[in-house]
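The structure appears below as structure tokens.
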Amino acid sequence: MIKLINDTIDREDINQLIDWLKTYPRLTKGGLTLQLEEKWSNWLGVDYSVFCNSGSSANLLMLWALIEAKRITREAKVVVPSAAWATDLAPVIQLGMTPLLCDINLSDLSVDIAHLEQIFKESSPDVLLLVSVLGLVPDMEKIFNLCKKYNVILLEDTCESMGSEYGDKKLGTFGLMSSFSTYFGHHISTIEGGFVSTNDEELYEILKAIRSHGWDRDVSDEYREKLRNKWNTADFDALYTFYYSGFNLRSTDLQAFIGLGQIDKLDSICEKRNKNFELYNRLLSNFEPQIANYEEKFISNFAYPVIAKNRNEIVKRLQKANIEVRPLICGSMGTQPFYIKQYGKKELPNVSIVDKYGFYVPNHPELSEGDIIKIVEIIKDEN
């Protein structure tokens, strides 16, 4: 079988983990988590990062941190692309905010710029949670400028786009905060895990607090003193004093140990994914409609997207040939049951095309040129 994903945790990683475990180290969140956060921030090019238990939790943390920092209220309106993951939309609903679904474009599968500006004009939202789908690169300059023009906070879900670049900057460095996933099968893996990254010091301190119950144990000394002075908290009482309404979304030092080694592989992983993406593009250049040709962008592609009116026939051929294939992420958020139950069905033109005709095929570092050629031949087979 040509699998959709491959595990980036190899035998050498496991053997190193075994040797480390034999030293009987601390396994819960501790010093290695801090090392991982610093190493990740340096790789990405940001000031601060917070390691948590998933990319989905990272999205939840970003939104709640904005509320705790009083940058937005619980009545906030949040724009979410109609092609996204369930846990881009779900925390908006769970936190009592108002979701505004934006249609996508059929070039990079991110927000449709014209529809986005229409929403900005008509609804005056507070936040845009931008999703870069499958490693494809949105028009960050236009999106950033629109957010600035209409005073909308930009958050980035970069869970599928680790290493993709717009200009000389990595995705995940344009917004006020960004989320990443280190789930099994993503660019790198800590089994389960994720990051929130930011250059905002106040949000960084709040993120650390709300990740762990809302107490002050993980914040900086200066911020801890500020909180205790504000609330007149004695040192002994501070052990169980909660300054924010928090969660328990911590990961572990065991996973951080794995992550430290994974980051060392990340550049080569991204380069191989980009190389595979370019090969897919060349081989499918005459296949209509092709998603996009990114000659001037580095695409650390998570999986290769295809839109075809004979999708069902192609999917059957791929499955028969033991090639894993999936719908193009979640299709349309506005037609998902959990959205319909609360707001009714919302169909938008471009995402409806993706919902009906879209699918994606494997791209990972272990995929060979021969594998890609075989996949493309099956996609293009008209017999």
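Any value given below was found using the heavy atoms of this structure, including those in side chains, with hydrogens, waters and symmetry copies removed.
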Under the rule for side chain to side chain contact (heavy atoms under 4.5 Å, CB included), what residues qualify as partners of [X], not counting sequence neighbours?
| X | value |
| --- | --- |
| Q336 | C330, M333, F338 |
| T33 | K29, E37, F51, R211, D253, A256 |
| N248 | H213, R250 |
| E377 | I373 |

(request) Identify the residue among K226, R228, K230, K208 that makes a salt bridge (charged side-chain N to carboxylate O under 4.0 Å, His left out) with D216. (result)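 Result for salt bridge (charged side-chain N to carboxylate O under 4.0 Å, His left out) with D216: R228.
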On a heavy-atom basis, which atom in [X] and which in [Y] lie closest, and how many Å separate them?
| X | Y | result |
| --- | --- | --- |
| S197 | W40 | OG-NE1, 3.1 Å |
| L136 | P305 | CD1-CG, 4.1 Å |
| L109 | I104 | O-CG2, 3.6 Å |
| L101 | I119 | O-CD1, 3.7 Å |
| G331 | D355 | CA-OD1, 3.5 Å |
| L260 | K39 | O-NZ, 2.9 Å |

Any donor and acceptor pair, going by atom type alone, linking the side chain of [X] with main-chain N or O of [Y] inside 3.5 Å?
| X | Y | result |
| --- | --- | --- |
| D103 | N350 | yes |
| D13 | D10 | yes |
| E205 | S220 | yes |
| S268 | K265 | yes |
| T241 | D237 | yes |
| T198 | M177 | no |
| Q262 | I188 | no |
| K3 | I323 | no |
| S82 | C102 | yes |
| H364 | H187 | no |

(request) Apply side-chain hydrogen bond (donor to acceptor under 3.5 Å, both in side chains) to the pair K272 and N276, showing each step before the final yes or no. (result) CA-CA 6 Å; K272 187 62 165 57; N276 290 345; 3.2 Å; yes
To the nearest 0.5 Å, how far apart are [atom1] in [X] and [atom2] in [Y]?
| X | Y | atom1 | atom2 | result |
| --- | --- | --- | --- | --- |
| N145 | I113 | CG | CD1 | 10.0 Å |
| L66 | I72 | CG | CD1 | 4.5 Å |
| T233 | E225 | OG1 | CD | 12.0 Å |
| E156 | I143 | CD | CD1 | 9.0 Å |
| K380 | I378 | NZ | CD1 | 13.0 Å |

(request) Salt-bridge test for D126 and R71: reply yes if a basic N is under 4.0 Å from a carboxylate O, no otherwise. (result)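 Salt bridge between D126 and R71, a charged N being under 4.0 Å from a carboxylate O: no.
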(message) One thing to verify: whether R311 and E313 come together as a salt bridge, which I'm taking to mean a side-chain N less than 4.0 angstrom from a carboxylate O.
(response)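 Salt bridge: no.
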(message) Test side chain to side chain contact (heavy atoms under 4.5 Å, CB included) on W64 and I206; report intermediate values, then the result.
(response) CA-CA 9 Å; W64 191 242; I206 293 173; over 6 Å; no
Would [X] end up clustered with [Y] when hydrophobic side chains under 4.5 Å apart are linked, directly or stepwise?
| X | Y | result |
| --- | --- | --- |
| F298 | I269 | no |
| Y183 | V50 | yes |
| M162 | I258 | yes |
| I353 | L116 | yes |
| L318 | M1 | no |

Side-chain donor-acceptor pair present, [X], [Y], cut-off under 3.5 Å:
| X | Y | result |
| --- | --- | --- |
| S49 | Y204 | no |
| E38 | S41 | no |
| N59 | S179 | yes |
| W20 | Q16 | no |
| S212 | D218 | yes |

(request) Please test S300 against N274 for side chain to side chain contact (heavy atoms under 4.5 Å, CB included), starting from the C-alpha separation and ending with a verdict. (result) CA-CA 5 Å; S300 182; N274 178 251; 5.8 Å; no
(request) Answer yes or no for K121 and Y150: cation-pi contact, defined as NZ/CZ to six-membered ring centre under 6.0 Å and angle to ring axis within 45°. (result)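 No, a cation-pi geometry is absent between K121 and Y150.
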(request) Tell me, please, whether W43 has K170 positioned over its six-membered ring: NZ or CZ under 6.0 Å from the ring centre and within 45 degrees of its axis? (result)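 The answer is yes, since K170 meets both limits relative to W43.
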(request) Would you please test N105 and D108 for side-chain hydrogen bond (donor to acceptor under 3.5 Å, both in side chains) and show each step? (result) CA-CA 6 Å; N105 68 75; D108 58 52; 3.0 Å; yes
(request) Applying side-chain hydrogen bond (donor to acceptor under 3.5 Å, both in side chains) between S161 and each of S110, S132, S178, report the one that passes. (result)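 Exactly one option meets the side-chain hydrogen bond (donor to acceptor under 3.5 Å, both in side chains) with S161, and it is S132.
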(request) Take W85 and V131, measure what side chain to side chain contact (heavy atoms under 4.5 Å, CB included) needs, and give me the verdict at the end. (result) CA-CA 9 Å; W85 193 245; V131 181; over 6 Å; no
(message) Among residues at least two apart in sequence or on other chains, which ones pass salt bridge (charged side-chain N to carboxylate O under 4.0 Å, His left out) with E117?
(response)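 So E117 forms a salt bridge (charged side-chain N to carboxylate O under 4.0 Å, His left out) with K149.
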(message) Show me the pairs that pass salt bridge (charged side-chain N to carboxylate O under 4.0 Å, His left out) and involve residues 79-101, at least two apart or across chains.
(response)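 As it turns out, there is no salt bridge (charged side-chain N to carboxylate O under 4.0 Å, His left out) pair with a partner in residues 79-101 once direct neighbours are skipped.
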(request) Take Y360 and Y304, measure what ring-ring contact (aromatic ring centres under 6.0 Å, His included) needs, and give me the verdict at the end. (result) CA-CA 5 Å; Y360 62 74; Y304 192 83; over 10 Å; no
(request) Check the pair R224 / E222 against salt bridge (charged side-chain N to carboxylate O under 4.0 Å, His left out), numbers first and verdict last. (result) CA-CA 5 Å; R224 183 181 301 113; E222 294 80 8; over 6 Å; no
(request) Report yes if some heavy atom in the side chain of V354 is under 4.5 Å from a heavy atom in the side chain of I307; otherwise report no. (result)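 Yes, close enough: below the 4.5 Å cut-off.
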(message) I'd like to know whether M97 forms a side chain to side chain contact (heavy atoms under 4.5 Å, CB included) with K77, so could you lay out the CA-CA distance, the side-chain angles of the two residues, the decisive distance to 0.1 Å, and finally the verdict.
(response) CA-CA 6 Å; M97 303 177 191; K77 299 174 184 176; over 6 Å; no
